[in-house]
Q: 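Take a look at the following structure, please.
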Amino acid sequence: MPSPFPGMDPFLENSAIFPDFHDGFIAAMREALQPQLPQPYYAALGRRAWVEISERFIGPDVSVMRGDSSRDRSQSMVAVAESSLTQPIVIHVPHDERIETFIEICEGRGSERRVVTVIEVLSPSNKTAGEQGRSVYLRKQQELLQSRTHLLEIDLLRSGLHTTAVPQDRLDRKVTGYDYHVCVHRFDEFEDFYVYPIRLTHTLPSVVVPLLPGDGDVPLELQAVFNRTYDAGPYSREIDYQRDVIEPAVAERDLAFVKERLPGPE
């Protein structure tokens, strides 16, 4: 069953669902690009790893137990008399290793291999203040902007901080009322950012993936990639379109649009 929405499905932005969608979308993009790339180009998966403080609840790190009060006091006085050492309280902070995938359009092999274009799909971690994933992403972004590598960023999340390379103030002067967007930066046109603004009510656009100067561009139909990702994923079974709540909430201007597309009670 296809998504009830013509473009991005806002139910997929749920933090419990988006990581699976993110990786599925990356895989479907590579699948779509591979046959379109001329020789000697090819699309490969890249991986970025970092360590983040875990949000999982492990349990209390310090337990205070109450026993027999008279005996506890006597033992306490003996312990103080025997030693004046202060015992530290151990605070355990669990960490998780996080891994994100992205696409590299390359040419050449071995030592001659060159990354021509990097394609990123932003994650919640990339757009959340204080997250290690955001710091790692922004450092990599700056490295790419100063290199001879094209950068294509796809932001399919309405929440979080502005993160794509185009300055937000300049983007907002040109475009208003967008929900998602794609930003393309070509290393040979380093002062320009090509932006595709996307509304929740519209289909996802067809964008261009730049190759080396003189080799042209490759089209990438994001809506076809989305459809492939949705059909191959668990989302039609995982999402209850009648009962689940869209997070973040949809803008008031789009409430009627969303309600028209949700299935009625059976």
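Worth knowing before you read on, the calculation uses all heavy atoms, side chains too, and leaves out hydrogens, waters and symmetry mates. Source: prediction; values computed, not measured. Numbering of residues begins at 1 and proceeds along the displayed sequence.
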Q: To the nearest 0.5 Å, how far apart are CG in Leu151 and CD in Glu143?
A: 11.5 Å
Q: Identify, with sequence neighbours excluded, every residue that meets side chain to side chain donor-acceptor pair (under 3.5 Å) alongside Asp179.
A: Arg199, Arg253
Q: Whether the Asp9 and Tyr241 side chains hold a donor-acceptor pair (N or O, under 3.5 Å, no angle test) is what I'd like checked.
A: yes
Q: More than 12 heavy atoms of other residues, nucleotides or ligands under 6.0 Å from CD of Glu107: is that the case?
A: yes
Q: Give the minimum heavy-atom separation between Ile17 and Phe11, together with the two atoms involved.
A: CD1-O, 3.9 Å
Q: Got Gln223 and Asn227 here, is their nearest side-chain heavy-atom distance under 4.5 Å?
A: yes
Q: If every non-hydrogen atom of Phe102 is compared with every non-hydrogen atom of Ile119, which pair is closest and at what distance?
A: CB-O, 3.3 Å
Q: Hydrophobic cluster membership, with links at side-chain heavy-atom distances under 4.5 Å among I/L/V/M/F/W/Y: are Tyr178 and Tyr180 in one?
A: no
Q: Taking His22 for the side chain and Val121 for the main chain, is one N or O donor matched with an acceptor at less than 3.5 Å?
A: yes
Q: Please collect all ring pair (Phe, Tyr, Trp, His ring centres under 6.0 Å) contacts where either partner lies in residues 148-172, sequence neighbours excluded, each pair once.
A: His150-Phe187, His162-His181
Q: Ignoring hydrogens and angles, tell me if any N or O in the side chain of Gln36 forms a donor-acceptor pair with the backbone of Ala32 under 3.5 Å.
A: yes
Q: Show the nearest heavy-atom pair for residues Phe226 and Ser3, with the distance to one decimal.
A: CE2-CB, 4.0 Å
Q: Considering all heavy atoms of both residues, which atom of Arg261 and which atom of Pro6 are nearest to each other, and what is their separation?
A: NE-CD, 3.9 Å
Q: Under a 4.5 Å cut-off applied to non-hydrogen side-chain atoms, are Leu45 and Ile103 in contact?
A: yes
Q: Give me the atom names and distance for the closest heavy-atom approach of Leu122 to Phe18.
A: O-CE2, 3.4 Å
Q: Side chains of Ser123 and Glu100: any donor to acceptor distance under 3.5 Å?
A: yes
Q: Which atoms form the tightest heavy-atom contact between Leu200 and Pro10, and what is the distance?
A: CD1-CD, 3.7 Å
Q: Count the heavy atoms of every other residue, nucleotide or ligand shown that sit under 6.0 Å from CZ of Arg109, and state whether that count exceeds 12.
A: no
Q: Give a yes or no answer on whether the side chain of Glu13 reaches the backbone of Arg158 with a donor-acceptor pair at less than 3.5 Å.
A: yes
Q: Does CZ belonging to Arg114 count more than 12 external heavy atoms closer than 6.0 Å?
A: yes
Q: Just to verify, which of Leu152, Leu144, Ile105 counts as forming a side-chain contact (heavy atoms from CB on, under 4.5 Å) with Val118?
A: Leu144
Q: With no hydrogens and no angle check, do the side chains of Tyr137 and Glu120 hold a donor and an acceptor under 3.5 Å apart?
A: no
